[in-house]
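Heads up: the structure comes next, in structure tokens.
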Amino acid sequence: CAGHEARPQGPPAPDSRREVTAPFRLGPLGPGHDRSTFSCGVEALDQYLVRQASQDVRRRVSACYVVTEVTSGKVAGFYTLAASSVPLGDLSPDLTKRLPRYPTVPVARVGRLAIDKAFQGRKLGGALLADAALRAAQSEVAVFALIVDAKDDDAAAFYRHHGFEPFGGNGRQLIVSLERFIQARGS
């Protein structure tokens, strides 16, 4: 998913679905989404989407958004988004200079993000990150940044490519301020 990402087009639709690029639609995970054939190459992510994502949504542990191919309805990718917080002391001075001095600050966590192997290389990962940033920025729950826990070095490189930086002394725990992310994409 390196390179420039496809951006959601137009203002957010009232039903929370968004066009990503011409052949795809992006919206909340629903009962009509067939997840049984989803395969991103990481068994834990495949099984999460098939077996756990709906339960997490029902329990309000996270929200799950899927991008589907319009012509086939096939799930091409997904991500989860949840409220979280991080200790202020774990962040760089650049990130904290305009923040209040609370012990922790609110963030949105992209818990999982995966693209089906058949759709990899179409810049959908970047489009899903952009959608996550826009949803977090437009939420009534205040958050100032997106965070991720990259599963491996390749995933960390993907997030760094999209402006995330390590924090908290762990090279795979990454953060980007919503302001910086959205400004960089002209959204």
Any donor-acceptor pair under 3.5 Å from [X] side chain to [Y] backbone:
X    : Y    : answer
Q120 : C40  : yes
H162 : Y159 : no
T68  : V70  : no
T80  : R112 : yes

Rounded to the nearest 0.5 Å, what separation is found between the [atom1] atom of [X] and the [atom2] atom of [Y]?
X    : Y    : atom1 : atom2 : result
D94  : S177 : CG    : OG    : 8.0 Å
D131 : L124 : CG    : CG    : 11.5 Å
F181 : L129 : CZ    : CG    : 5.0 Å
Y79  : L113 : OH    : CG    : 9.0 Å
L128 : R135 : CG    : CZ    : 10.0 Å
L134 : L178 : CG    : CG    : 9.0 Å

Give me each pair satisfying salt bridge (Lys or Arg N to Asp or Glu O under 4.0 Å) with a member in [range], each pair once, sequence neighbours excluded.
range            : value
residues 29-48   : none
residues 50-66   : none
residues 137-165 : R109-D149, D153-R172, E165-R180
residues 70-84   : K74-D116

Specify the closest pair of heavy atoms between [X] and [Y], including all atoms of both residues, with the distance to one decimal.
X    : Y    : result
A53  : L29  : CB-CD2, 3.8 Å
F38  : I115 : CZ-C, 3.9 Å
L174 : A150 : CD1-CB, 4.0 Å
C64  : L49  : SG-CD1, 4.3 Å

Strictly by ring pair (Phe, Tyr, Trp, His ring centres under 6.0 Å), give each pair with a member in residues 93-143 just once, sequence neighbours left out.
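Applying ring pair (Phe, Tyr, Trp, His ring centres under 6.0 Å) to every pair that reaches into residues 93-143, excluding sequence neighbours, yields F24-F119.
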
Which residues share a salt bridge (charged side-chain N to carboxylate O under 4.0 Å, His left out) with D90, sequence neighbours left out
none

For Y48, give me all partners under ring pair (Phe, Tyr, Trp, His ring centres under 6.0 Å), at least two apart in sequence or on another chain.
none

Considering only Ile, Leu, Val, Met, Phe, Trp and Tyr, and joining two whenever side-chain heavy atoms are under 4.5 Å apart, list the other residues clustered with L91.
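Members alongside L91: V86, L88, L95, L99, V105, V107, F144, I147, F167, I175.
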
Could you list the residues that satisfy side-chain hydrogen bond (donor to acceptor under 3.5 Å, both in side chains) with S85, not counting sequence neighbours?
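side-chain hydrogen bond (donor to acceptor under 3.5 Å, both in side chains) check on S85 returns nothing, list empty.
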
More than 12 heavy atoms of other groups within 6.0 Å of R98 CZ:
no

